[in-house]
Each structure stands twice: as structure tokens, then as C-alpha cells.
Asks: 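Take a look at the following structure, please.
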Amino acid sequence: MAKVLVFIDNPGPALKKASLELLTIARSLGEPAVAFNGELHDDVAATLGAYGAQALYRPSTADLDDYLVGPKASYLAAAVQTAEATVVLTENSAEAREIAARLGIKLGAGVITDVVAVDPDGTAHKSVLAGSWTTTAKASTPVAVLTVKSNSITPDPAVTGTAPGTVTVEVPATATAASARITARNEKAASGRPDLAEARIVVAGGRGVDGNFGPVEDLADALGAAIGASRAATDAGWIGHDAQIGQTGKTVSPQLYISAGISGAIQQKAGMQTARVIVAVNKDAESPVFEIADFGIVGDLFQVLPQATAEIKKRKA
Amino acid sequence: MKIIVLVKHVPDAQFDRHLTGEGNTADRSESILSELDEYALEAALQLIEARGGEAAGNKVIALSMGPAGAVNAVKKSLQIGATEGAHLSDDALAGSDAAATSLALAAAIRHLGADTPADLIITGMASTDGETSLVPAQLAERLDLPQVTFAASLELDGGKLTARRDGDSHADTVEATLPALVSVTDQINDPRYPNFKGIMAAKKKTITTLSLADIGVDPAQVGRTGSWTAVESAEVRPARTAGTIITDEGDAGIQLVEFLAAQKLL
Ligand SMILES: Cc1cc2nc3c(=O)[nH]c(=O)nc-3n(C[C@H](O)[C@H](O)[C@H](O)COP(=O)(O)OP(=O)(O)OC[C@H]3O[C@@H](n4cnc5c(N)ncnc54)[C@H](O)[C@@H]3O)c2cc1C
């Protein structure tokens with residue numbers, strides 16, 4: 001049976017939904033194992049077992065986080081060899097994709113990014129050209145490396161859990177030689193809202209919010225949603241760059257995307273047009289965002305959003 | 001200082017984009033210099049300008065790999081201010097995936113650095129067509145250079161490079177020594193436009209055309225045959241059609257909630 005190695009960088013105190021999705025996909029392809037970096041909490045180890053991980057691999061060194069990408073790829077390459085894996089799954093974040101990229105060169109393995117589904121024979125499905133096309137792609141190499149978008153499948157624990165042992169993988173001494181070093185790290189304050197990439201609902205504001213994200217935040221909180229933004233709003237400094245949706249920000253595929261005061265430029269659409277349902281609120285009936293909206297309101301967001309928020313609260317009360 | 005900037009000729013996203021042919025590759029008939037590479041070029045120009053510019057012996061080489069038309073990305077880069085251009089073009093390159101592309105570009109970079117190796121290779125954060133961001137990391141791996149990617153700011157002090165890289169939960173300060181490979185985001189600067197003087201000056205600048213033979217790459221290692229992944233099928237996603245559009249008459253917020261309730265999204 002194919003050995004499938006899932007890479008989880010710093011699992012933290014509880015596994016992200018994206019990691020559970022990877023484990024679920026791994027089981028559909030073969031026998032799953034996990035290579036992690038960072039601390040492994042007992043709860044996390046138990047969850048990995050519940051999701052069917054047969055073996056856990058950890059690096060011999062604790063300083064991989066002090067370097068950018070390269071040394072983590074060296075560790076992962078060693079883990080793939082130790083595990084004799086033929087498929088490697090990682091999340092689709094910028095850093096995970098870069099680790100996958102270098103891993104591919106180290107192992108002579110084909111890398112496929114932005115994967116949304118994987119067939120049992122290894123064929124990967126992905127959306128390309130800003131979500132306007134879908135393709136299937138396959139690696140022709142002995143090992144395939146796939147980076148999978150979150151919200152691709154519903155995570156599902158294994159029928160029978162496991163109690164995997166942990167194997168330490170020797171990180172090559174040369175791994176950090178030609179590497180950029182991370183000399184300072186500023187943690188960003190947690191918002192208490194769902195993670196943008198994984199959120200079921202995203203409420204996003206653009207230049208139309210004119211410096212005031214209040215109505216967007218209130219609606220998001222009433223819906224339990226994450227907050228997104230257009231580049232015009234992040235460039236203006238009204239909200240952090242991590243909230244940017246689009247070509248140079250995040251790509252999201254939530255169940256619901258509510259766009260408020262955003263015109264719907266091609267670079268914005270690139271990040272949200274695969275959402276299941278799109279709602280747009282914009283003053284200008286000619287805005288391109290209405291071409292892709294399932295429900296569009298030509299109106300002032302400062303009227304429409306607070307009214308919707310109040311109505312949701314009323315119904316939920 | 002010698003900087004090589006990688007520039008890609010990509011289908012213009014303002015038009016409908018298509019995947020065609022046996023390898024399901026992008027149709028390049030309406031192509032432009034990738035917008036994201038303009039930030040790379042600007043970063044390179046600012047670095048040499050702060051060090052006395054070309055007069056002080058600094059240069060920026062714009063390198064593009066692609067079919068005949070890709071020379072236009074190089075020409076545009078020369079108009080914007082690159083010192084010289086290089087165009088890697090060979091029929092055998094068609095259909096190259098990231099691994100094959102990075103193999104060919106790494107060889108081209110070594111070729112251009114045969115006399116004096118480049119101090120910096122700068123790329124955009126992604127191409128606007130492939131959108132994978134694999135090639136910069138793979139080049140760092142192949143060239144064994146420190147990788148400073150997704151730089152939202154960049155400073156060079158002597159041989160030391162300092163960049164800011166924004167992650168989801170943290171922002172990092174990254175340091176490396178030259179030579180290094182850098183990719184920059186669209187947060188790093190405001191790219192300049194070519195002006196009349198630049199357009200005229202570009203006509204006198206050299207563009208070197210390179211074939212696989214020139215850079216010592218076996219054609220079997222690149223293109224569709226040399227690639228490690230293949231696109232097996234491609235389908236245009238049914239275009240989203242506009243749904244119900246209403247004009248707010250004072251109760252649109254309520255109607256919005258009714259729509260969400262009907263879609264079981266509350
Ligand atoms: C290389 C590159 C990369 C880019 N990457 C991205 C990206 O990742 N993400 C992104 O979003 N953009 C990106 N852009 C920018 C993109 O081209 C647009 O400029 C940007 O999306 C516009 O943001 P906006 O819709 O908020 O602003 P605008 O286009 O100015 O639209 C504001 C909208 O708000 C409406 N409005 C104003 N007031 C109200 C009100 N009170 N109530 C309701 N509606 C109101 C207006 O009618 C208008 O439609 C990129 C551009 C480039 C060149």
C-alpha cells in the first residue's frame with residue numbers, strides 16, 4: 001500500500017482543520033504517516049492517531065523555525081526517505097508551497113499546488129487562472145508532492161484509530177548552510193475570529209468602507225465569519241495585509257462570501273470567485289462584482305449591513 | 001553590483017484566458033510583462049540607483065524564458081530601466097513545468113554569471129498565469145543560494161540583506177548574505193512606468209538570445225518530456241452568472257437575511 005506522508009509544520013496545541021483534511025485525504029490514498037516540526041502536544045498526538053496516522057516523524061534539531069524554508073525542506077526530504085513515502089501532502093500556504101517546491105527538487109519529485117481533490121490513482125484536481133479553469137494534473141515521478149487547499153473536503157476520523165510511535169529523523173548537518181535566517185518574529189494578535197483560509201463565511205470590505213470596518217466587523221461577528229478586504233482597503237491601512245483577498249492576498253472558497261464596497265476587479269475576483277454563494281453590496285449598479293453575485297444589493301453598505309446585522313441578531317435571539 | 005531580474009511574459013488577465021493544445025498550456029496571444037515582475041524590476045533598479053547606478057558599474061539584467069513573443073517582456077523591462085536583456089528561447093522548452101523551468105533558468109543564470117556571478121537574483125512573488133510561486137524556491141535550491149522570498153521590504157547593507165516577510169500569524173525579519181535569491185511582493189514598492197527617455201534609450205540596449213545549447217541544457221531535461229508533472233485535462237469553469245440584483249428601498253438588509261436563510265447559510 002502506498003505510504004502517504006502528511007507534513008504538519010508546528011501543529012500547536014490543537015490541529016487546524018486543514019491538517020485534518022490532509023489526513024483524511026492521505027487515508028484515501030494509502031497508509032498515512034505524519035512528519036511534523038515543533039512541539040507535539042499529547043492531545044495532538046491522540047488526534048493524529050484518531051485520524052489513522054501509522055507513524056510520526058520529528059526532526060533531530062529544534063531550530064528549523066530559525067531559518068526560511070530550505071532547512072525544513074531538507075528535514076522533510078529525509079523524512080520521506082525514512083518513511084518510504086510515495087506521496088507527500090502539505091497545506092497550500094505560501095511557506096508550505098515553498099517547502100514543497102524545494103522538496104521536489106531534492107527528491108526529483110513533481111509538485112502540484114492548489115489541489116482541491118486527489119483521485120485514488122494520484123490525479124490531482126486544481127483550479128487555475130484565477131479560478132476560471134479547472135485542470136487535472138499528475139506527477140510522473142516516483143514521489144508526488146501535493147499542496148492541498150483548505151476547505152477541500154470534510155475531515156473524517158479513521159474507523160479504527162492508532163497509537164503511532166514517534167521516530168526521530170536526522171536533519172542533514174548541511175541543511176542550514178546556504179539559508180536565510182529569521183532574526184526576529186512578531187506574532188500578530190489573534191482576532192478571535194475564524195481563520196480566513198478555513199472560514200465557512202467571509203465578510204469583506206473595500207474602499208467603500210471609507211476607513212470604517214465597523215459595519216463589516218459587526219456583520220461578520222453576527223454570522224461567525226472571518227473578515228476579508230480588497231487591496232484598496234489594506235493599502236489604505238484600514239486593516240492588516242493578512243486580510244487581503246485576491247491575486248496577491250489569500251484565495252478563499254467559503255460557503256458564503258459577502259462583498260461590501262468592493263468593485264470586483266479581476267485581481268480581487270481571483271481570490272473569491274470559487275465561493276459557493278456570493279453576495280455583493282455596492283452603491284454602483286455598474287460594478288463588475290454584480291456580474292458574479294448570486295444576490296446583489298445596489299445600496300449603501302452603511303445602511304444595508306447594520307440592518308442585516310440587526311435582523312440576524314433578532315432571528316438568533 | 002550585478003542583479004538578474006526574472007521577467008515573464010504572461011497572458012493579460014484583462015482578457016479571457018485559455019488553456020490550449022496538447023499540454024493544456026496557456027494561450028499567449030494577448031500577453032504582457034507580468035505585473036508582479038514590475039515590483040522585482042523596481043526593487044533591483046532602486047538597489048543599483050542607491051549605489052551610483054550604471055555609472056558606478058552596477059547593472060540589472062532582465063532575463064525571460066519563453067517563446068519568441070516573450071522578448072517583449074524583456075523589451076518592456078529595458079524601457080523601464082534594466083541595463084541589458086536576455087531571452088532564453090528554444091522550442092524544446094514548450095510545456096515546461098516548474099521543475100523544468102527552474103532547471104533551465106538556473107542554467108541561464110549560471111551562464112550569465114560565467115564571468116562575474118550575479119550578486120542577486122530577484123523575481124516576482126508569483127507569475128500571474130501559473131500562480132504557483134514554485135520557481136523562486138526551486139531556483140534557490142538548484143543554485144544553492146539563500147532564499148529570501150515574499151519580501152515586503154528589502155534593505156542591503158554591505159553584503160547583508162534584510163527583508164520583512166509577512167506570514168499569517170507573524171511577521172518575520174529575514175537576513176541573508178549575498179549572493180542570494182529574492183522574491184518580492186506587491187507591498188514592496190510602487191513600480192515606475194517607462195517614460196519617453198526610457199523608451200528611446202531601450203532601443204540601444206542589448207538583448208542576448210540564448211538557446212538550450214548556449215546554456216548547456218539537454219533538451220530532454222526540459223519541456224513536456226523533461227517535466228515531472230503533466231496537465232492531463234483542462235476545462236473552463238462555467239462562468240458565474242449574475243443572480244438576483246435588487247436596489248435598496250430601505251429593507252435590503254432584511255432581504256439579504258431572507259436570502260441567507262433560504263440558502264441555509266444562517
Ligand atoms: C499586481 C496587482 C495585484 C493586485 N492584487 C489584488 C488583490 O490581491 N486583491 C484585491 O482586492 N485587489 C488587488 N489589486 C487591486 C485591484 O486591481 C483593485 O484596484 C482593487 O481590488 C480595488 O479595491 P476596491 O474594490 O475596494 O476599490 P474600488 O475599485 O475603488 O471600489 C470601491 C467600490 O466601493 C463602492 N462604494 C463606495 N462607497 C460605498 C458605500 N457607501 N456603500 C456601498 N458601496 C460603496 C464603489 O461603488 C466601488 O465599486 C491588485 C492590483 C495589481 C496591479
Side-chain angles (χ1 to χ4, degrees), chain A residues 68-70 93-95 97-98 101-102 104-106 109-113 123 129-141 178-188 241-242 247-248 255-256 266 273 277 279 290-299 303-304 307-308 311-312 315, chain B residues 13-14 17 19 24 36 97-99 125 128-129 131-134 137-138 140-142 144-150 166-176 180 185-187 228-237 240 242-248 252-254 256-257 259 263 265-266:
Chain A
L68 198 60
V69 178
S93 65
E95 187 177 4
R97 282 209 309 254
E98 293 193 310
R102 297 188 69 150
I105 300 302
K106 286 179 190 294
V111 183
I112 302 173
T113 62
T123 302
L129 294 178
S132 60
W133 284 69
T134 53
T135 58
T136 56
K138 204 168 172 195
S140 54
T141 44
S179 292
R181 198 174 239 291
I182 296 169
T183 53
R185 168 157 291 178
N186 285 317
E187 298 293 337
K188 295 179 181 167
H241 174 60
D242 353 304
Q247 182 191 72
T248 54
Q255 291 293 308
L256 170 64
I266 174 91
Q273 65 181 347
V277 174
V279 170
F290 287 125
E291 292 162 15
I292 57 163
D294 300 289
F295 189 71
I297 296 171
V298 182
Q303 303 293 324
V304 178
Q307 190 181 49
E311 178 68 13
I312 293 165
R315 292 190 184 204
Chain B
Q14 302 299 334
R17 294 181 290 177
L19 298 176
N24 296 300
L36 296 176
D97 70 352
M125 63 188 277
T128 57
D129 54 348
E131 304 170 310
T132 68
S133 298
L134 294 175
Q138 295 195 326
E141 179 71 30
R142 291 191 186 275
D144 200 21
L145 290 177
Q147 168 185 341
V148 181
T149 42
F150 291 96
D166 286 318
D168 284 345
S169 58
H170 47 83
D172 294 340
T173 305
V174 181
E175 282 182 17
T185 74
D186 61 337
Q187 303 289 303
W228 297 340
T229 58
V231 179
E232 299 190 326
S233 69
E235 231 178 288
V236 64
R237 211 185 167 88
R240 278 196 99 99
T244 316
I245 311 290
I246 62 162
T247 300
D248 185 17
I254 316 256
L256 165 54
V257 177
F259 171 80
Q263 294 280 328
L265 285 164
L266 281 186

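Numbers restart at 1 for each chain; the letters A, B, ... are given by sequence-line order, proteins then strands.
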Asks: Taking B:R17, B:H170, B:M125 one by one, which has the highest count of heavy-atom pairs under 4.5 Å against chain A?
Replies: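 Counting heavy-atom pairs under 4.5 Å, the top option is B:H170.
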Asks: If we define contacts as heavy-atom pairs under 4.5 Å, which of B:G167, B:A176, B:A230 has the most with chain A?
Replies: B:A230
Asks: Can you tell which part of A:I297 gets under 4.5 Å to a heavy atom of chain B, answering side chain, backbone, both or neither?
Replies: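 When you check distances to chain B, atoms from both the backbone and side chain of A:I297 fall under 4.5 Å.
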Asks: Can you give me the closest heavy-atom contact between A:L68 and B:T149, atom names plus distance?
Replies: CD2-N, 3.9 Å
Asks: For A:L129 and B:E131, work out which heavy atoms get closest and say how close.
Replies: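 Distance-wise, the nearest heavy atoms are N-OE1, 3.5 Å.
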Asks: Enter the distance from A:I112:CD1 to B:T229:OG1 here, rounded to the nearest 0.5 Å.
Replies: 5.5 Å
Asks: Minimum heavy-atom separation for B:A140 to A:R102, with atom names?
Replies: CB-NH1, 3.7 Å
Asks: B:N24, B:D97, B:L36: which one forms the most heavy-atom pairs within less than 4.5 Å of chain A?
Replies: B:L36
Asks: Working to the nearest 0.5 Å, report the span between NE2 of A:H241 and CD of B:Q187.
Replies: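 The CD atom of B:Q187 is 4.0 Å from NE2 of A:H241, to the nearest 0.5 Å.
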Asks: In terms of heavy-atom pairs under 4.5 Å with chain B, which of A:A94, A:A109, A:A184 leads?
Replies: A:A184
Asks: Give the member of A:S93, A:G70, A:G299, A:A293 that has the highest number of heavy-atom pairs under 4.5 Å with chain B.
Replies: A:A293
Asks: Check whether any side-chain N or O of B:E175 sits under 3.5 Å from a backbone N or O of A:R181 as a donor-acceptor pair, and report yes or no.
Replies: no
Asks: Evaluate B:L266 against A:I312 for side chain to side chain contact (heavy atoms under 4.5 Å, CB included), listing each step before the verdict.
Replies: CA-CA 8 Å; B:L266 281 186; A:I312 293 165; 4.1 Å; yes
Asks: Heavy-atom pairs under 4.5 Å with chain A: which of B:V231, B:D166, B:L19 has the most?
Replies: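 Top option by heavy-atom pairs under 4.5 Å: B:L19.
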Asks: For chain B, which of A:V304, A:D294, A:T123, A:L256 has the most heavy-atom pairs under 4.5 Å?
Replies: A:D294
Asks: B:V148, B:V236, B:D144: which one forms the most heavy-atom pairs within less than 4.5 Å of chain A?
Replies: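 Of B:V148, B:V236, B:D144, B:V236 has the most heavy-atom pairs under 4.5 Å with chain A.
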Asks: With only heavy atoms counted, which part of A:S179 is less than 4.5 Å from chain B, the side chain, the backbone, both or neither?
Replies: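 The backbone, not the side chain.
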Asks: What are the two closest heavy atoms between B:T132 and A:R97, and how far apart are they?
Replies: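 Nearest heavy atoms, B:T132 then A:R97: O-NE, 3.1 Å.
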Asks: At a heavy-atom distance under 4.5 Å, which candidate from A:Q255, A:E98, A:E311 has the highest pair count against chain B?
Replies: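 Heavy-atom pairs under 4.5 Å are most numerous for A:E98.
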Asks: State, with a plain yes or no, whether a side-chain heavy atom of B:V257 is found less than 4.5 Å away from one of A:Q307.
Replies: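 No; the side chains remain at least 4.5 Å from each other.
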Asks: Of the listed residues (B:A252, B:A98, B:S133, B:P146), which shares the most heavy-atom pairs with chain A below a 4.5 Å separation?
Replies: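 Ranked by contacts with chain A, first place is B:P146.
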Asks: For each of A:V277, A:D242, A:N186, A:T136, tally heavy-atom pairs with chain B at distances under 4.5 Å, and name the one with the top tally.
Replies: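 Of the candidates given, the most pairs with chain B belong to A:T136.
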Asks: Heavy-atom cut-off 4.5 Å, strictly under: side chain, backbone, both or neither for A:T135 against chain B?
Replies: both
Asks: Can you tell me if B:E232 has over 12 outside heavy atoms packed within less than 6.0 Å of its CD?
Replies: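 Counting neighbours around CD of B:E232, more than 12 heavy atoms of other residues, nucleotides or ligands fall under 6.0 Å, so yes.
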Asks: Let me know if B:L145 has heavy atoms under 4.5 Å from chain A in its side chain, its backbone, both or neither.
Replies: backbone
Asks: Is A:E291 in contact with chain B via its backbone, its side chain, both, or neither, using a 4.5 Å heavy-atom distance?
Replies: backbone
Asks: Indicate the atoms forming the closest heavy-atom contact of B:A242 with A:F290, along with that distance.
Replies: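 Heavy atoms of B:A242 and A:F290 come nearest at CB-O, 3.4 Å.
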Asks: Indicate yes or no: at least one non-hydrogen side-chain atom of A:V111 is less than 4.5 angstrom from one of B:W228.
Replies: no
Asks: Check B:R237 against A:T134 and note the closest heavy-atom contact, atom names and distance.
Replies: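 Minimum heavy-atom separation between B:R237 and A:T134: NH1-CG2, 3.5 Å.
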Asks: Among A:T183, A:T113, A:T141, which has the most heavy-atom pairs under 4.5 Å with chain B?
Replies: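 Top option by heavy-atom pairs under 4.5 Å: A:T183.
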